Amino acid sequence: KIFYTKDIRPTWGQTRTVFDIKGMDVVAKLAMSGVGIIGNKNEVAITKEFRQHGVEDVIACVEEYMKNCAVIFPTAIISYLQPNETDLYLYKDKLEDLYWENPDLHDIRGDIHIKNIGFDSSRNIVCIDYGNSPITKR
């Protein structure tokens, strides 16, 4: 029912679509192809790994997911706060420190750009799209 209201703003990507549902703490990230499902599965795996290491504060963590990961529900960001180049630089610097201290974590740095970061509810900069990160160790 909620998907048919004016409170939904989809953002279309190449393989996935994100539905920003007003008033919710999560967004719905819907896979539109097999590649999209792989991206969703990657985000679930990376969330689990980052939580195990206590460094989940650098990503918009997947809170729930459907069977086969056709739909995942990552933490929502504050949509009215737009990161700038300084925020991007600070975030990349934070990731460098993270991987220096945790070299065995999956590396999400390959596709970090201004459109892939945002601010969580605590106003921390987080990666909002890390599904293209390969599930291989550095």
Side-chain angles (χ1 to χ4, degrees):
K1 186 174 177 183
I2 193 166
F3 283 92
Y4 297 100
T5 72
K6 63 181 172 26
D7 292 331
I8 306 298
R9 286 185 275 146
T11 302
W12 300 92
Q14 292 179 347
T15 63
R16 302 183 291 171
T17 301
V18 177
F19 292 92
D20 182 6
I21 308 165
K22 289 185 182 189
M24 301 288 287
D25 293 337
V26 295
V27 297
K29 200 174 274 193
L30 175 68
M32 298 183 298
S33 66
V35 174
I37 289 173
I38 291 170
N40 282 354
K41 286 181 177 181
N42 287 352
E43 289 195 14
V44 170
I46 290 169
T47 292
K48 288 178 181 178
E49 183 182 43
F50 277 44
R51 281 187 169 148
Q52 284 180 330
H53 286 83
V55 294
E56 68 271 17
D57 62 332
V58 298
I59 59 173
C61 290
V62 175
E63 300 300 331
E64 297 287 336
Y65 54 95
M66 305 293 284
K67 184 179 178 182
N68 301 321
C69 294
V71 182
I72 61 173
F73 300 92
T75 305
I77 58 166
I78 302 172
S79 58
Y80 62 85
L81 289 179
Q82 298 297 312
N84 59 35
E85 291 297 325
T86 301
D87 298 319
L88 179 62
Y89 175 80
L90 292 172
Y91 182 72
K92 286 182 173 183
D93 193 47
K94 186 175 183 177
L95 287 181
E96 289 298 322
D97 292 343
L98 172 81
Y99 288 109
W100 180 258
E101 295 170 10
N102 301 279
D104 292 331
L105 284 177
H106 285 103
D107 195 343
I108 65 168
R109 293 176 289 183
D111 192 29
I112 299 296
H113 53 81
I114 199 79
K115 291 186 178 183
N116 278 1
I117 62 171
F119 293 94
D120 67 10
S121 60
S122 299
R123 296 181 184 245
N124 296 315
I125 304 168
V126 295
C127 182
I128 60 175
D129 184 3
Y130 46 96
N132 289 330
S133 300
I135 299 298
T136 57
K137 303 283 183 176
R138 301 187 306 140

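Basis for what follows: all heavy atoms, side chains included, without hydrogens, waters or symmetry-related copies. These numbers were taken from a predicted model, which means no experiment stands behind them.
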Criterion side-chain contact (heavy atoms from CB on, under 4.5 Å) on Asp87 and Asn84, from CA distance to verdict: CA-CA 5 Å; Asp87 298 319; Asn84 59 35; 3.2 Å; yes
Co-membership, hydrophobic cluster, residues Ile77 and Leu90, 4.5 Å side-chain: no
In one Ile/Leu/Val/Met/Phe/Trp/Tyr side-chain cluster, 4.5 Å: Ile112, Leu105: yes
Atom pair CD1 (Ile37) and SG (Cys69), whose distance is rounded to the nearest 0.5 Å: 8.5 Å
Within 6.0 Å of NZ in Lys115, more than 12 heavy atoms from elsewhere: no
Between Glu56 and Thr47: side-chain donor-acceptor atoms closer than 3.5 Å: no
Intermediate values then yes/no, side-chain contact (heavy atoms from CB on, under 4.5 Å), Val62 and Tyr130: CA-CA 11 Å; Val62 175; Tyr130 46 96; 4.1 Å; yes
ILVMFWY cluster, Val55 and Ile117 together (side-chain gap under 4.5 Å): yes
Taking every non-hydrogen atom, the tightest pair across Pro74 and Glu43: CG-OE1, 4.3 Å
Glu63 bridged to Arg51 by N-O distance under 4.0 Å: yes
Atom pair CD1 (Ile78) and OG (Ser122), whose distance is rounded to the nearest 0.5 Å: 8.0 Å
Short side-chain to backbone donor-acceptor contact, Tyr91 and Ile114, under 3.5 Å: no
Separation between CG of Asp25 and CG of Asp120, rounded to the nearest 0.5 Å: 11.5 Å
Spacing of Ser79 atom OG and Asp20 atom CG [to the nearest 0.5 Å]: 5.5 Å
Stepwise side-chain contact (heavy atoms from CB on, under 4.5 Å) check, Ile125 with Phe119: CA-CA 5 Å; Ile125 304 168; Phe119 293 94; 3.5 Å; yes
Stepwise side-chain contact (heavy atoms from CB on, under 4.5 Å) test for Arg109 and Leu98: CA-CA 11 Å; Arg109 293 176 289 183; Leu98 172 81; over 6 Å; no
Side-chain donor or acceptor of Thr75 paired with backbone N/O of Cys61 under 3.5 Å: yes
From OG1 (Thr15) to CG (Asn132), nearest 0.5 Å: 6.5 Å
Least distance between heavy atoms, His106 atom then Tyr99 atom: O-OH, 2.6 Å
Common cluster, Val26/Met66, ILVMFWY with side-chain heavy-atom separation under 4.5 Å: yes
Spatial distance of atom CD1 (Ile72) from atom CG (Leu30) [nearest 0.5 Å]: 10.0 Å
Side-chain touch Glu49/Asn102, heavy atoms, less than 4.5 angstrom: no
Over 12 foreign heavy atoms within 6.0 Å of CD, Glu64: no
Nearest atoms (heavy-atom pairs only) where Gly131 meets Asn42: O-ND2, 2.8 Å
Nearest heavy atoms of Ile46 and Ser133, plus distance in Å: CD1-CB, 3.8 Å
Cluster check Val71, Phe19: I/L/V/M/F/W/Y, side chain < 4.5 angstrom: yes
